[in-house]
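Each chain gets a letter, A, B and so on, in the order the sequences are listed, and its residues count up from 1.
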Number of protein chains: 2
Amino acid sequence: MARMSADARRAELLQAALRVMSRDGIAAGTTRAIVAEAGMPLATFHYCFRSRNELLRELITLLTTMERQAATEAMTPSGGDFRETLRQALRGYVGHLAANPGHELFLFELNHFALRTPELHDLADEQYRKYYETATELLEAAAELCDMEWKADLPVLARFVVTLIDGATTTWLADRDTEATLAALDIAADHVAALATPRTRSV
Amino acid sequence: MARMSADARRAELLQAALRVMSRDGIAAGTTRAIVAEAGMPLATFHYCFRSRNELLRELITLLTTMERQAATEAMTPSGGDFRETLRQALRGYVGHLAANPGHELFLFELNHFALRTPELHDLADEQYRKYYETATELLEAAAELCDMEWKADLPVLARFVVTLIDGATTTWLADRDTEATLAALDIAADHVAALATPRTRSV
DNA sequence: GTCTATATGCAGATAGAC
DNA sequence: GTCTATCTGCATATAGAC
């Protein structure tokens, strides 16, 4: 009899892989390192996953879903000044980044690995489509919160936000200068805030 | 007697490594693949470089120097409308990116590999310091070209530009949507252009 | 079903023949 | 100085004993 169902072991291995690769990089996430982290014998890996690439497929899907949940839940507080609301949202992300640098670096490593692996190429695209969707939801939520209305094209604005977040992440990861990262994002927040106007009520 | 000096072979190996890794990714750049690309026997590699990491060190230095030269030489044309000058500079970069996607992806792979390798950690930092310096020079050159004066803090603005370029690159690499990338950058160009004012002549 | 033991291949690095 | 042949280790994946 199994101590744990196959599904449960799949989930455990995914979590173990996430821990190992966030900590030491995607290249260090060998099947051996993953099963060692999960406290399982090596053969369990290929019992639960057809290949390492299959695990990476599921990992990208799992992570982008997690990021989306975290982002959606983050947009709750404040109320009032719109520019300040946007700044606080960006500051919230930078705080998350500084608290989990390996995690965000791993997301880039995953995407770039997928881009270099024909078998996984569709996932790289899907990952960013989810990012754009999430950014769109966040922009809508922020406007709702402050009773504003976007004047700019929302898809373009959403892509701009993802551009900012990605760029802020790569630069921060390289030099860990939180103040400089926030200063750069503040410039952007000022501009984005100016692209919305107070909403006219329609009861 | 040598057909080629040791220095010349070092340079050849660096170029071969750049070709292989830009084409197939940093992980595919094994010592064997590099010497095969260069048409040299395997032992030559360790005759010219102490280790693969030493080659990667030199490669980061070489590439960031090349990028800087290319960027500096790019800022020549136009004259006239400041916003249009900035847009054209950004369009020029996106054109370069679309023409050399593997090269730009490789720069991220290198940086992230350096961030994951304690021995190379200093290089990740140096790479971005050079990016900031280059961005500063470009901003100064653009202002000079249109006879404008920056009103915003230049180091902050330079970091913002690197943030934009990095984010535009990662998003484009993931979905290859050139139009959307340009649209997002246009938003930024409009804002950055507004941060400078016509210069008051002295003389 | 589960895990030990192994097949197979390729990595970085080097010894030693020429 | 140069390059063939090899050392050593670890990767993914699996066969087969329990």
Side-chain angles (χ1 to χ4, degrees), chain A residues 1-14 16-21 23-60 106 109-110 112-114 116-120 123, chain B residues 1-14 16-21 23-60 106 109-110 112-114 116-120 123:
Chain A
M1 202 207 321
R3 293 193 329 179
M4 201 182 285
S5 77
D7 270 5
R9 276 179 302 173
R10 271 178 83 90
E12 284 267 319
L13 284 171
L14 280 170
L18 174 56
R19 286 197 300 277
V20 171
M21 298 191 195
R23 192 172 60 228
D24 302 323
I26 191 172
T30 65
T31 54
R32 282 173 165 77
I34 294 167
V35 295
E37 175 80 19
M40 296 177 188
L42 178 57
T44 301
F45 188 94
H46 285 94
Y47 180 75
C48 294
F49 296 95
R50 191 180 335 210
S51 68
R52 183 172 178 269
N53 278 358
E54 190 184 293
L55 172 129
L56 290 176
R57 284 195 83 87
E58 301 220 3
L59 208 43
I60 292 184
F106 177 44
E109 291 179 291
L110 261 183
H112 294 165
F113 181 82
R116 292 295 195 187
T117 309
E119 174 189 349
L120 300 177
L123 279 181
Chain B
M1 199 201 328
R3 291 195 329 177
M4 202 182 284
S5 76
D7 270 4
R9 277 179 300 173
R10 271 177 84 91
E12 284 268 318
L13 285 171
L14 280 170
L18 173 57
R19 285 197 301 275
V20 171
M21 297 192 197
R23 191 172 61 229
D24 303 322
I26 190 171
T30 65
T31 54
R32 281 172 167 78
I34 294 167
V35 295
E37 174 81 17
M40 296 178 189
L42 178 58
T44 301
F45 188 95
H46 285 93
Y47 179 76
C48 293
F49 296 96
R50 193 182 334 218
S51 68
R52 182 173 177 269
N53 278 356
E54 190 185 293
L55 173 129
L56 290 176
R57 285 195 82 88
E58 301 219 4
L59 209 44
I60 294 185
F106 177 44
E109 291 180 290
L110 261 183
H112 294 165
F113 181 82
R116 293 295 194 186
T117 310
E119 174 189 351
L120 300 178
L123 279 181

message = Quick one, B:Met4 and B:Glu12 - any side-chain contact, counting heavy atoms below 4.5 Å?
response =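 A side-chain contact exists here, since the closest heavy-atom pair is under 4.5 Å.
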key: Beyond-backbone contact of A:Asn53 with A:Phe113, side-chain heavy atoms, under 4.5 angstrom   =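 Side chain of A:Asn53 against side chain of A:Phe113, heavy atoms only: contact under 4.5 Å found.
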query = Under 4.0 Å: is that the gap between some side-chain N or O of B:Tyr47 and OP1 or OP2 of D:dT2?
reply =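 B:Tyr47 to D:dT2 OP1/OP2: side-chain N or O found under 4.0 Å.
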key: Short side-chain N/O contact to C:dG1 OP1/OP2 from A:Arg9, under 4.0 Å   =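 Negative; the distance criterion is not met.
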Once you round it to whole Å, what is the distance between [atom2] of [N] and [atom1] of [X]?
X       : N      : atom1 : atom2 : answer
A:Met40 : C:dT2  : CE    : C1'   : 12 Å
A:Asp7  : C:dG1  : CG    : P     : 12 Å
A:Ile34 : D:dA11 : CD1   : C1'   : 12 Å

Review item, side-chain donor-acceptor pairs of residues 26-45 of chain B, under 3.5 Å, at least two apart:
residue : atom : partner : partner atom : Å
B:Thr30 : OG1  : B:Ala33 : N            : 3.0
B:Glu37 : OE1  : B:Arg23 : NH2          : 3.1
B:Glu37 : OE2  : B:Arg19 : NE           : 2.7
B:Thr44 : OG1  : B:Pro41 : O            : 3.4

key: Which residues share a salt bridge (charged side-chain N to carboxylate O under 4.0 Å, His left out) with B:Glu58, sequence neighbours left out   =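 Scan of B:Glu58 (salt bridge (charged side-chain N to carboxylate O under 4.0 Å, His left out), adjacent residues dropped) gives B:Arg10.
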inquiry  = I need a per-nucleotide contact map over nucleotides 9-15 of chain C, read 5' to 3'. Cutoff is protein heavy atoms under 4.0 Å; write B for the base, S for backbone only, - otherwise.
reply    = --BBBB-
ask   = Measuring from A:Arg9:CZ to A:Leu14:CG, what's the distance to the nearest 0.5 Å?
value =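 Taking CZ in A:Arg9 and CG in A:Leu14, the distance rounds to 13.5 Å.
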A:Leu18 CG to A:Leu13 CG distance, which is reported to the nearest 0.5 Å =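 Those atoms lie 12.5 Å apart.
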